[in-house]
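In what follows, a structure is listed as structure tokens, so that the remarks can point back to it.
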Amino acid sequence: MQNPPETPPKTADTADDHLDGDLPDIIDLVMEMGSAPPTPRPTPRVPARLEALVETATAYAKAASSENTRDAYAKDWRHFSSWCRREGFDPLPPSSQVIGLYIGACAAGDPKRGLPSLSVATIERRLSGLAWNFTQRGQPMDRADRHISTVLAGIRRKHAKPPRQKEAVLGDDLIAMIATLGHDLRGLRDRAILLLGFAGGLRRSEIVGLDVARDDHLDGNHSDGAGWIEIFPDKGVLVTLRGKTGWREVEVGRGSSDQSCPVVALETWIKYGRIARGPLFRRIFKNNKTVDVERLSDKHVARLVKQTALAAGVRSDLPEGERALLFAGHSLRSGLASSAEIEERYVQKQLGHASAEMTRKYQRRRDRFRTNLTKASGL
């Protein structure tokens with residue numbers, strides 16, 4: 001009787017090969033963040049010595065994109081998957097023909113189901129979300145395929161609308177807006193938000209993403225913030241922000257009076273809000289006496305700008321309905337670019353733009369005809 005072949009001893013290499021199928025897919029873990037709770041499934045057994053490595057790698061994979069971006073990508077995938085189920089298609093593997101039909105349906109809408117037509121910008125963002133999701137699953141989408149690119153070109157040609165910019169809140173407008181705020185906790189917080197957002201040329205996500213101290217980002221602290229502030233007495237505030245391309249610093253100087261000074265507004269809010277560390281701008285309970293520990297939503301900035309602009313009578317020459325559509329969080333950022341009587345390069349640096357052309361899009365008051373090529377050509 002022939003003896004069965006002996007099982008070769010497991011070397012380090014064969015042991016690792018054996019473990020490959022048992023390790024959880026890190027990217028899958030990250031992609032599930034922000035999505036609906038998955039169907040329970042057996043959890044792979046990971047050797048204790050590798051658990052820490054898996055957690056570390058998962059944390060780095062998660063840090064590759066912001067939480068808002070991951071949530072948006074998860075929403076895009078759910079929207080596409082739901083459409084595929086209704087129409088009888090499989091979402092995987094990626095089919096250019098199916099994706100072309102999908103974006104066409106998004107542009108057309110479906111009144112019978114109560115589904116509105118999506119804007120060109122939303123469709124392009126959904127395509128980016130799908131491309132990311134397909135790539136993470138190891139099945140890249142060919143966006144240049146004619147079934148996608150030709151349909152998208154037609155959607156742009158037929159449905160694209162001229163860009164509608166938000167109204168810039170100018171310096172005098174802002175002073176009138178903060179005058180509508182009270183001097184309770186909520187008023188102190190909102191005054192600091194408006195003044196810092198304007199003087200720093202900050203996006204609404206950058207405003208609410210600030211922490212009060214640099215230490216919140218050091219020594220192993222895992223802050224969900226976008227940066228922090230440092231107050232220099234009698235000089236100003238240094239805002240350190242984490243962007244897509246790295247860290248950048250924004251200097252915010254003191255104002256000409258205490259009423260319009262972003263530094264005074266910040267110091268007052270921090271003092272009476274009793275903010276020692278963590279999120280700088282936080283929710284306030286209904287009693288208007290207790291400051292929550294949770295970070296404020298960036299939607300609050302948009303609502304705040306709109307409400308105070310309307311209350312202050314900014315652009316009162318227009319009907320109420322039109323005025324309500326003019327103002328949003330970006331009004332602060334474009335307001336600084338339009339109000340600052342200073343060399344363009346300084347405005348560009350404050351806004352963190354890579355090109356002067358981008359900065360000019362924010363400058364509502366600039367003289368577009370200062371350079372006259374007609375006369376320069378001899379006409």
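In this text the structure is predicted, and so the values were computed from the model without any measurement.
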Problem - side chain to side chain contact (heavy atoms under 4.5 Å, CB included) between I148 and M141, worked out - result: CA-CA 10 Å; I148 300 175; M141 177 186 86; 4.2 Å; yes
Exercise for the section: Run the numbers on I229 and V252 for side chain to side chain contact (heavy atoms under 4.5 Å, CB included), then give the verdict. Expected result: CA-CA 10 Å; I229 64 167; V252 177; over 6 Å; no
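Without hydrogens or angle criteria, D90 side chain to L92 main chain gives no donor-acceptor distance under 3.5 Å. At distances below 3.5 Å, at least one donor-acceptor pair connects side-chain atoms of E206 with backbone N or O atoms of R203. Judged purely by atom type and a 3.5 angstrom limit, R191 uses its side chain to pair as donor or acceptor with the backbone of I178. Of the possible donor and acceptor atoms, none in the side chain of D173 sits under 3.5 Å from a partner among the backbone N and O of A309. Panel note: side chain R333, backbone G201; a donor-acceptor pair is recorded below 3.5 Å. Of the possible donor and acceptor atoms, one in the side chain of R295 sits under 3.5 Å from a partner among the backbone N and O of V208. Within the 3.5 Å criterion, the main-chain N or O of A176 finds no donor-acceptor partner in the side chain of T180. Judged by distance alone, with hydrogens and angles left aside, the side-chain atoms of R323 form a donor-acceptor pair with the main-chain N or O of L310 at under 3.5 Å.
Donor-acceptor pairing under 3.5 Å is recorded for the side chains of S82 and R85. Y272 and H183 share no side-chain donor-acceptor pair at under 3.5 Å.
Contact between G129 and Y73 at its shortest, heavy atoms only, is CA-CD2, 3.4 Å. P140 and P94 get closest at one heavy-atom pair: O-CG, 3.8 Å. Minimum heavy-atom separation, S149 to A144: OG-O, 3.4 Å. Residues G253 and P262 share a closest heavy-atom pair of O-CG, 3.7 Å. The shortest heavy-atom contact between R186 and F285 is NH2-O, 3.3 Å.
Each of I284, T268, L181 was evaluated against L188; a single residue qualifies, T268, per the side chain to side chain contact (heavy atoms under 4.5 Å, CB included) test.
For CZ of R146, the number of neighbouring non-hydrogen atoms (other residues, nucleotides, ligands) closer than 6.0 Å is 12 at most. Atom CG of D142 sits in a crowded spot, with more than 12 heavy atoms from other residues, nucleotides or ligands closer than 6.0 Å. Under a cut-off of 6.0 angstrom, the local environment of CZ in R283 is sparse, with at most 12 non-hydrogen atoms contributed by other residues, nucleotides or ligands.
Side-chain contact between D190 and H300 is present, with heavy atoms from C-beta onward closer than 4.5 Å. Counting only heavy atoms from C-beta outward, the side chains of R125 and D76 approach each other to under 4.5 Å. Between M177 and F327 the shortest side-chain heavy-atom distance does not fall below 4.5 Å. Under the 4.5 Å side-chain criterion, counting only non-hydrogen atoms from C-beta, W269 is in contact with L280. R189 is listed as a side-chain neighbour of I193, based on a closest heavy-atom distance under 4.5 Å. Contact check for L194 versus V169: no side-chain heavy atoms found under the 4.5 Å cut-off. Side-chain contact between V98 and W83: present, with at least one pair of heavy atoms (C-beta onward) separated by less than 4.5 Å. Here the side chains of F134 and I99 are in contact, with some heavy-atom distance below 4.5 Å.
In this structure, NE2 on H79 lies 10.0 Å from CG on L130, to the nearest 0.5 angstrom. Between the CG atom in L170 and the CD1 atom in I175 there is a gap of 11.0 Å [rounded to 0.5 Å]. In this structure, CD in Q97 is found 6.5 Å from CG in D145, a value given to the nearest 0.5 Å. The CD1 atom of I270 lies 8.0 Å from the CZ atom of F281; values are rounded to the nearest 0.5 Å. Rounding to the nearest 0.5 Å places OG of S205 at 9.5 Å from CG of L210.
One hydrophobic cluster, built from ILVMFWY side chains closer than 4.5 Å, cannot hold both V264 and L174; they sit in different ones. Following chains of ILVMFWY side-chain contacts shorter than 4.5 Å, one cannot reach V151 starting from L115, and the two form parts of different hydrophobic clusters. Both L266 and L304 are part of a single hydrophobic cluster, where members link through side-chain heavy atoms under 4.5 Å apart.
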